[in-house]
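Reading through the structure tokens given below for one structure.
This one's a predicted model, so the numbers in the text were calculated from it and none came from an experiment. Residue numbers start at 1 and run along the sequence shown.
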Amino acid sequence: MQTKTVFVTVGTTKFDELIKTVTSDEVLQELNRKGYNKLVLQIGKTDIEPDCAPRCGFYEIEVFNLSPSLHESMEVADLIISHAGAGSCLEALELSKPLVVVINDRLMDNHQIELAEQLYKDGHLFYSNCKNLLNLIHSMDLSELQPFKQDKSKAIATMIDQIMGFS
């Protein structure tokens, strides 16, 4: 059996809702229907302890809180599900990994959605909130995603500066 890994990251934030959503039986079953069978969770600053028992077609579920670099975990992933942090998004896209960005609806003045929307319009990723993640996973076709050209990083950094009001 070939291993197909989903890597989930919340960065340094606390985004328990994403971890709980991804580890729900419904989402795991849908990911398994898409061919995935290993889950790696980077859960950030939290007190929750996700259920890492193999289930729903996943033979292995790993978890860790923080790491100096997520590069290695992203590099081996077949699908990345990430919070909408610019650094995490750009790193995943620069590695040419299929990316699903999940917006944290509970953040005040959430500028992250603007970045996710633009990268979605450009065809580089899919995005959702936790409530709609299951439906997105069910309907997404990763073959529709367009490769991210690494020379776009400067343009995206400029766009982030504009969104944040720095320029």
Side-chain angles (χ1 to χ4, degrees), residues 2-24 26-44 50 58 61-64 66-67 69-105 107 110-160 163:
Q2 180 185 359
T3 299
K4 284 189 71 177
T5 302
V6 177
F7 175 60
V8 179
T9 178
V10 301
T12 58
T13 65
K14 181 175 180 169
F15 194 1
D16 294 351
E17 185 181 11
L18 175 56
I19 300 304
K20 290 175 183 175
T21 300
V22 170
T23 57
S24 71
E26 297 82 12
V27 170
L28 289 175
Q29 288 166 356
E30 192 59 41
L31 285 167
N32 186 250
R33 276 194 275 281
K34 296 277 187 175
Y36 301 98
N37 53 19
K38 180 178 177 182
L39 180 65
V40 178
L41 302 164
Q42 183 270 314
I43 62 173
F58 280 77
I61 300 175
E62 297 176 11
V63 64
F64 64 95
L66 297 169
S67 175
S69 171
L70 300 178
H71 184 83
E72 189 174 306
S73 296
M74 287 186 174
E75 200 169 43
V76 299
D78 297 290
L79 172 67
I80 296 172
I81 299 175
S82 176
H83 71 120
S88 296
C89 292
L90 291 176
E91 185 167 2
L93 292 172
E94 287 175 350
L95 288 169
S96 300
K97 297 297 180 173
L99 177 61
V100 173
V101 169
V102 181
I103 305 299
N104 187 343
D105 293 331
L107 292 178
N110 188 356
H111 299 291
Q112 294 178 346
I113 193 167
E114 293 157 327
L115 174 64
E117 284 177 343
Q118 185 60 53
L119 291 169
Y120 170 75
K121 287 177 188 173
D122 291 344
H124 301 304
L125 56 77
F126 293 107
Y127 79 98
S128 179
N129 57 20
C130 287
K131 180 180 171 186
N132 297 314
L133 183 59
L134 177 61
N135 291 332
L136 173 67
I137 292 168
H138 176 75
S139 65
M140 71 182 182
D141 179 355
L142 298 179
S143 70
E144 295 175 358
L145 295 177
Q146 300 298 312
F148 180 78
K149 295 186 170 96
Q150 292 188 12
D151 61 348
K152 285 189 173 186
S153 294
K154 184 173 171 87
I156 289 174
T158 301
M159 182 181 71
I160 292 168
I163 290 168

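D122 places no side-chain N or O within donor-acceptor distance of the main-chain N or O of H124, the cut-off being under 3.5 Å. One N or O on the side chain of K97 and one on the backbone of E75 form a donor-acceptor pair closer than 3.5 Å.
Heavy atoms only, all atoms of each residue included: D78 and K4 are closest at OD2-CA, 3.1 Å. The minimum heavy-atom distance between C89 and L119, with the atom names listed, is CB-CD1, 4.5 Å. Y120 and L125 get closest at one heavy-atom pair: CD1-O, 3.2 Å. Closest approach of H138 and K34 over heavy atoms only: O-NZ, 3.3 Å. When all heavy atoms of L142 and F126 are compared, the pair lying nearest together is CD2-CE1, 3.9 Å. Taking both residues in full, the closest heavy atoms of V100 and L136 are given as CG1-CD2, 3.6 Å, listed atom of the first, atom of the second, then distance.
Residues V63 and I61 form no side-chain contact, since every pair of their non-hydrogen atoms from C-beta on lies 4.5 Å or further apart. A 4.5 Å side-chain heavy-atom check between V8 and I19 finds at least one atom pair inside the cut-off. The shortest distance between side-chain heavy atoms of L70 and F64 falls below 4.5 Å. Within the 4.5 Å cutoff, side-chain heavy atoms of M140 are placed close to those of L79. Between C130 and V102, the closest side-chain pair of non-hydrogen atoms falls below 4.5 Å.
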Run the numbers on K20 and E17 for salt bridge (Lys or Arg N to Asp or Glu O under 4.0 Å), then give the verdict.
CA-CA 5 Å; K20 290 175 183 175; E17 185 181 11; over 6 Å; no
Decide yes or no on side chain to side chain contact (heavy atoms under 4.5 Å, CB included) for M74 and T9, but give the supporting numbers first.
CA-CA 9 Å; M74 287 186 174; T9 178; 4.3 Å; yes
Residue pair L31, F58: steps toward the side chain to side chain contact (heavy atoms under 4.5 Å, CB included) verdict
CA-CA 9 Å; L31 285 167; F58 280 77; 3.8 Å; yes
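Atoms CG and CG, on L134 and L28 in that order, are 10.5 Å from each other to the nearest 0.5 Å. Here the NE2-CG distance, from H71 to L95, works out to 5.0 Å after rounding to the nearest 0.5 Å. Of the inter-residue distances, the one linking N104 atom CG with L18 atom CG reads 8.5 Å to the nearest 0.5 angstrom. The distance from the CD atom of Q42 to the CD1 atom of I80 is 11.5 Å, given to the nearest 0.5 Å. Distance check: N32 CG to L39 CG gives 11.5 Å after rounding to the nearest 0.5 Å. Taken from OG1 in T12 to NE2 in H83, the straight-line distance is 7.0 Å, to the nearest 0.5 Å.
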